[in-house]
**Q** 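Quick one: this structure, given as structure tokens, is what I'll be asking you about.
What you see is a predicted model; the values in this text were computed from it and never measured. For ligands, and for the atoms within them, numbers begin at 1 and follow the listed sequence. Residue indices begin at 1 and follow the sequence shown.
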Amino acid sequence: MTFSLFGDKFTRHAGITRLMEDLNDGLRTPGAIMLGGGNPAQIPAMNDYFQQLLAQMLANGKMADALCNYDGPQGKSELLDVLAQMLRSELGWDITSQNIALTNGSQSAFFYLFNLFAGRYADGSSKKVLFPLAPEYIGYADSGLEEELFVSTRPNIELLPEGQFKYHVDFEHLHIGPDTGMICVSRPTNPTGNVITDEELIKLDALANQHGIPLVIDNAYGVPFPGIIFSEARPLWNPNIILCMSLSKLGLPGSRCGIIIANEKIISAISNMNGIISLAPGGIGPTMVCEMIKRNDLLRLSETVIKPFYYQRVQQTIATLRRYLSPERCLIHKPEGAIFLWLWFKDLPISTELLYQRLKKRGVLMVPGDYFFPGLDKPWPHTHQCMRMNYVPEPEKIEAGVKILAEEIERAWAEA
Ligand code: PLP
């Protein structure tokens with residue numbers, strides 16, 4: 001039995017697959033300290049809310065309705081209407097339900113979008129997706145139907161007080177040409193917690209417009225929901241922007257619901273792709289979030305429960321890190337959003353891949369940095385000096401993990 005070229009590409013045991021298996025094995029290992037994965041927190045107030053909402057929706061028949069019927073390929077019409085209405089009134093965007101499509105998780109939205117705008121074109125030309133600032137989300141890396149679909153640009157690094165730093169888009173070296181099919185940026189960024197500034201975003205938007213290509217903004221953690229963003233950042237949308245959102249970081253990753261906001265031509269393309277690939281997106285997440293919007297709970301809970309929870313957790317984790325690791329040993333990317341801290345062990349005598357292996361042996365899982373540079377064309381030592389940690393686990397677990405991390409860092413320096 002042989003697989004097609006598509007089969008070969010998509011059944012590959014990629015580095016990231018191995019890593020995800022590690023994370024999964026870790027979940028089943030008693031005592032393992034899981035600071036690697038991307039699962040959102042179980043926030044008690046949100047879990048209670050979802051339980052009650054589900055119970056009420058079971059009692060009033062809305063859940064049965066959602067389970068027993070297919071939605072259209074664009075996604076649940078009722079949600080498209082109330083969401084468009086909410087975004088119009090909250091953010092002043094000129095959109096209707098014709099500007100929104102749902103997908104089974106935003107991960108599949110990226111698969112659609114990357115392959116819609118990059119790859120081979122009818123005129124024989126070939127285009128790529130440009131990540132204007134690497135490090136970028138690991139989940140993009142293997143989602144091209146064709147090889148080498150991505151290019152990315154190294155950031156400028158601004159050093160900040162208290163052992164922190166921040167990445168900025170290096171516009172001087174950002175190359176956009178006839179072979180650029182789209183620009184894509186996560187804001188807030190997984191893995192770094194960076195939020196590119198309003199000025200940077202406006203500049204990227206202008207460049208995309210100028211070159212007649214779309215700008216994709218991955219807003220999985222952003223505003224107005226789930227609101228895991230701690231810096232001032234204005235949400236931006238216009239018909240040249242494709243904004244991707246998700247219910248996952250609201251606390252509903254199992255609902256597999258992604259939301260695309262774009263111009264009507266793109267929404268119609270996504271609907272057709274949904275029809276071919278999955279008939280229709282699942283209806284459970286959409287029906288829940290529709291009810292949340294109607295009850296005025298979606299933005300209220302994002303602002304008053306989700307954001308404060310993560311803010312408190314991240315501050316506490318930074319305090320813990322600093323108890324064990326000085327700025328000379330470990331720089332921390334300014335935490336502006338998302339659910340990770342990005343640690344930079346400048347001049348560390350070993351690579352963070354080796355550090356990852358040593359930590360894994362001691363039951364601590366974090367993700368080494370070099371996975372997060374999809375499309376970077378030249379080697380860059382920085383990629384081997386960074387590590388991503390999830391700051392969601394309970395503070396005691398974080399402290400136990402950080403203690404072991406600090407011991408391994410000291411060991412690496414002692415060996416040098
Ligand atoms: N984008 C970013 C930046 C993410 O971190 C994730 C998941 O962790 C996703 C997209 C995909 O999320 P989902 O498919 O659950 O909507």
**Q** Can you list the ligand 1 atoms lying under 4.0 Å from a non-hydrogen atom of Tyr221?
**A**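 Checking each atom against Tyr221, I get 3 (C), 4 (C), 5 (O), 8 (O).
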**Q** Identify, by atom number and element, the atoms of ligand 1 in contact range of Ser248, meaning under 4.0 Å from any of its heavy atoms.
**A**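 Those of ligand 1 that fall under 4.0 Å from Ser248 are 13 (P), 15 (O), 16 (O).
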**Q** Quick check on contacts: which atoms of ligand 1 are under 4.0 angstrom from a heavy atom of Ser246?
**A**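 The list of qualifying atoms is 13 (P), 16 (O).
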**Q** Side chains of Thr189 and Glu136: any donor to acceptor distance under 3.5 Å?
**A**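 Result is no, nothing qualifies.
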**Q** Compute the centroid of each ring, for Phe150 and then for Tyr140, and state whether the two points are separated by less than 6.0 Å.
**A**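 Between Phe150 and Tyr140, the centre distance exceeds or equals 6.0 Å.
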**Q** Which atoms of ligand 1 are found less than 4.0 Å from any heavy atom of Ser106?
**A**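 Answer for ligand 1: 9 (C), 10 (C), 11 (C), 12 (O), 13 (P), 14 (O), 16 (O).
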**Q** Any idea which heavy atoms bring Cys244 and Val216 closest together, and the distance?
**A**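 Taking Cys244 first and Val216 second, the nearest heavy atoms are SG-CG1, 4.2 Å.
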**Q** Quick check on contacts: which atoms of ligand 1 are under 4.0 angstrom from a heavy atom of Arg256?
**A**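 Near Arg256, the atoms of ligand 1 are 13 (P), 14 (O), 15 (O).
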**Q** Which of the atoms in ligand 1, numbered in the order shown and given with their element, are less than 4.0 Å from a heavy-atom of Lys249?
**A**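 Those atoms are 7 (C), 8 (O).
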**Q** Salt bridge check, Asp198 against Arg187: does any charged N sit closer than 4.0 Å to a carboxylate O?
**A**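 Looking at Arg187 and Asp198, the cut-off is met.
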**Q** Using a 4.0 Å cutoff against the non-hydrogen atoms of Asn190, which atoms of ligand 1 qualify?
**A**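 It comes down to these atoms of ligand 1: 3 (C), 4 (C), 5 (O).
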**Q** So which protein heavy atom does atom 2 (C) of ligand 1 come closest to, and at what separation?
**A**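 Among all protein heavy atoms, the one nearest atom 2 (C) of ligand 1 is Asp218 OD2, 3.3 Å.
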**Q** Does either side chain, that of Tyr137 or that of Gln107, offer a donor lying less than 3.5 Å from an acceptor on the other one?
**A**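 There is such a pair (donor and acceptor under 3.5 Å, judged by atom type) between the side chains of Tyr137 and Gln107.
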**Q** One thing to verify: whether Lys127 and Asp179 come together as a salt bridge, which I'm taking to mean a side-chain N less than 4.0 angstrom from a carboxylate O.
**A**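 Result for this pair is no, no salt bridge flagged.
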**Q** Which protein heavy atom lies closest to atom 9 (C) of ligand 1, and at what distance to 0.1 Å?
**A**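 Looking only at protein heavy atoms, the one closest to atom 9 (C) of ligand 1 is Tyr137 OH, 3.4 Å.
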**Q** Using a strict 4.0 Å threshold on nitrogen-to-oxygen distance, state whether Glu291 and Arg295 make a salt bridge.
**A**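 Yes, Glu291 and Arg295 are salt-bridged.
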